[in-house]
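Input: a single structure, listed below in structure tokens.
Positions are given from 1, in the same order as the sequence printed here.
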Amino acid sequence: MRNERSPIRALIFDVDGTLAETEAHGHRIAFNRAFAVWKLPVVWGVREYGELLDVTGGKERIRSYWHSHPELRALSDDEIAALHQLKTQFFLELLNQGKIPLRPGVELLLRDARDRGVRLGIATTTTRANIIALFTATMGTDALNWFEAIVAGDEVARKKPAPDVYKKVLHLLGLDPVQCVAVEDSEPGFRAAQAAGIPTLVAINQYTYHGSYPRAVCVIDGFQSTNIVQGLNLQPIPQLQVEHIEQWYAQALHS
Ligand code: XBP
Ligand code: MG
């Protein structure tokens with residue numbers, strides 16, 4: 001039942017790195033497989049890929065890498081699009097093989113939000129196909145209907161850290177920014193949500209723990225056995241729930 005006093009009408013989730021560790025277990029591997037099929041002399045290691053994540057969008061990431069490596073044969077925009085399409089195919093295969101689970105505690109948090117009448121949205125840089133495949137492979141396609149608004153990277157003019165995806169989700173939900181909390185994992189995503197005026201909870205991961213998240217609602221290390229990264233947190237929270245986010249939201253509002 002919705003908590004009428006709660007200021008949070010909706011949670012808007014990022015996908016990659018937030019709902020699932022897709023960067024570590026999926027995208028990087030898929031990019032390298034596509035490079036190998038095209039016989040390109042490029043392999044993105046774990047550390048290097050973490051640095052490449054500063055550029056959001058798979059096509060943009062390829063283009064940016066090629067620009068900084070003039071020794072490589074130049075790729076046309078059509079070739080980049082085709083290479084990214086092949087990469088997406090490999091990523092979908094990894095999802096369908098069950099190789100990319102949701103982060104621990106994500107499903108229970110989503111269920112808690114639904115039980116409490118908190119609406120759900122998705123604002124991501126990746127493709128809609130990847131979102132559908134992620135839920136099909138984890139919670140089942142019905143779970144996609146839990147999200148009243150889903151906006152993917154290629155459906156807006158500018159990718160994160162521009163606020164476009166978040167602004168479109170707010171419009172579709174018919175809510176003001178401060179009636180929502182964005183759930184992100186990275187600096188580009190955090191900046192996108194902040195630029196849209198949305199209070200933002202950050203769940204860091206192996207690629208984003210070093211980021212700077214000033215004025216975040218809270219910075220945590222995950223959704224289960226949760227430790228608060230910025231601030232005192234004596235006892236881990238066994239399972240993150242909406243009420244924790246409400247508490248942090250209230251504290252952040254009055255700090
Ligand atoms: C993170 C991204 C995406 C992924 C790769 O998206 O920047 O580009 O790295 O996916 P999110 P694509 O906003 O969900 O964290 O190759 O489909 O872009
Ligand atoms: Mg992300």
Euclidean distance, H67 NE2 relative to L75 CG, rounded to 0.5 Å:
9.5 Å

Kindly indicate whether the side chain of P101, heavy atoms from C-beta on, has any atom under 4.5 Å from the side chain of E21.
no

Is there a side-chain contact between T18 and F223 (heavy atoms, below 4.5 Å)?
yes

Answer yes if W146 and L170 sit in the same cluster of Ile, Leu, Val, Met, Phe, Trp and Tyr residues linked by side chain heavy atoms under 4.5 Å apart, and no otherwise.
no

Contact check, side chains of V202 and C218, non-hydrogen atoms, under 4.5 Å:
no

Polar side-chain atom of Q239 near backbone of G105 as donor-acceptor pair, under 3.5 Å
yes

For T22 versus G17, what's the shortest heavy-atom pair and its separation?
OG1-N, 3.5 Å

Answer yes when R191 and E187 have at least one side-chain N-carboxylate O distance shorter than 4.0 Å, and no when they do not.
yes

Hydrophobic cluster identity match, F13 and V178, side-chain contacts under 4.5 Å:
yes

Answer yes or no: is there a donor N or O on one side and an acceptor on the other, between the side chain of E79 and the main chain of S76, under 3.5 Å?
yes

Would V165 and V169 count as a side-chain contact (heavy atoms from CB on, under 4.5 Å) here? Give the steps.
CA-CA 6 Å; V165 278; V169 168; 5.5 Å; no

Any donor-acceptor pair under 3.5 Å from T138 side chain to T136 backbone
no

Hydrophobic cluster membership, with links at side-chain heavy-atom distances under 4.5 Å among I/L/V/M/F/W/Y: are L134 and F90 in one?
no

Treating Ile, Leu, Val, Met, Phe, Trp and Tyr as nodes and any side-chain heavy-atom pair under 4.5 angstrom as an edge, say whether L110 and V151 lie in one connected cluster.
no

Is the shortest heavy-atom distance from the side chain of D16 to the side chain of T125 under 4.5 Å?
no

State whether R128 and D154 are salt-bridged, where the test is any N-O pair (Lys NZ or Arg NE/NH1/NH2 against Asp/Glu carboxylate O) under 4.0 Å.
no

For the pair N96 (side chain) and L92 (backbone), establish whether a donor and an acceptor sit closer than 3.5 Å, ignoring hydrogens and angles.
yes

Atom pair CD/CG of Q179 and L173 - distance to nearest 0.5 Å:
10.0 Å

Quick check for you: to the nearest 0.5 Å, what is the distance between E107 atom CD and L19 atom CG?
11.5 Å

Strictly below 4.0 Å, N to O, side chains only: are K59 and D77 in salt-bridge contact?
no

Verdict with reasoning, I150 to F135, per side-chain contact (heavy atoms from CB on, under 4.5 Å)
CA-CA 12 Å; I150 297 177; F135 280 97; over 6 Å; no

Using only atom types and a distance under 3.5 Å, with no angle test, would you say the side chain of D14 pairs donor to acceptor with the backbone of V183?
no

Heavy-atom distance under 4.5 Å between the side chains of L144 and I131, does that happen here?
yes

Determine, for K160 against E184, whether the closest basic-nitrogen to carboxylate-oxygen distance falls under 4.0 angstrom.
yes

Check whether L86 and V42 end up in the same hydrophobic cluster, where Ile, Leu, Val, Met, Phe, Trp and Tyr are linked by side-chain heavy atoms less than 4.5 Å apart.
yes

Distance, nearest 0.5 Å, that separates CD1 of I245 from CG of L201
5.5 Å

Over all atoms of both residues, closest heavy-atom pair of A192 and A162
CB-O, 3.4 Å

Kindly give the heavy-atom pair with the smallest separation between L175 and A10, and that separation in Å.
CD1-CB, 3.6 Å

Taking side chain as C-beta onward, heavy atoms only, is N227 less than 4.5 Å from P236?
yes

Just do the side-chain contact (heavy atoms from CB on, under 4.5 Å) check on L94 and I29 with the steps written out, would you?
CA-CA 9 Å; L94 289 165; I29 297 164; 4.0 Å; yes

Working for side-chain contact (heavy atoms from CB on, under 4.5 Å), residues L53 and V55:
CA-CA 5 Å; L53 283 173; V55 177; over 6 Å; no

What about F31 and W38, are their ring centers closer than 6.0 Å?
no

Give the minimum heavy-atom separation between D185 and T208, together with the two atoms involved.
O-OG1, 2.5 Å

Non-hydrogen side-chain atoms of E246 and V181 separated by less than 4.5 Å
no

Rounded to the nearest 0.5 Å, what separates atom CD1 in I8 from atom SG in C180?
9.5 Å

Do we get K168 above Y166's six-membered ring, with its NZ or CZ under 6.0 Å from the centre and within 45° of the axis?
no

Looking only at heavy atoms, what is the nearest atom pair of Q194 and P214, with distance?
OE1-O, 4.2 Å

Over 60° means perpendicular and under 30° means parallel, so classify the ring planes of F35 and W66, tilted if in between.
tilted

Looking at CG of D54 and OH of Y207, how far apart are the two atoms once the value is rounded to the nearest 0.5 Å?
12.5 Å

Check ion pair E23-R28 (N to O, under 4.0 angstrom)
no

Using modelled atom types only, decide if a donor and an acceptor are shared between the side chain of S68 and the backbone of Y65 within a distance under 3.5 Å.
yes

Taking D112 for its side chain and V242 for its backbone only, find out whether a donor-acceptor pair lies under 3.5 Å.
yes

Side chains of R61 and Y49: is there a donor and an acceptor less than 3.5 Å apart?
yes

K87 and A30 have their tightest heavy-atom pair at O-CB, 3.4 Å

Just checking E243: does its CD atom have more than 12 heavy atoms from other residues, nucleotides or ligands closer to it than 6.0 angstrom?
yes

Find out whether V229 and Y213 are in side-chain contact, i.e. whether some heavy atom of one side chain is under 4.5 Å from a heavy atom of the other.
no

Would you check if the side chain of R103 reaches a backbone N or O of A203 as a donor-acceptor pair within less than 3.5 Å?
yes

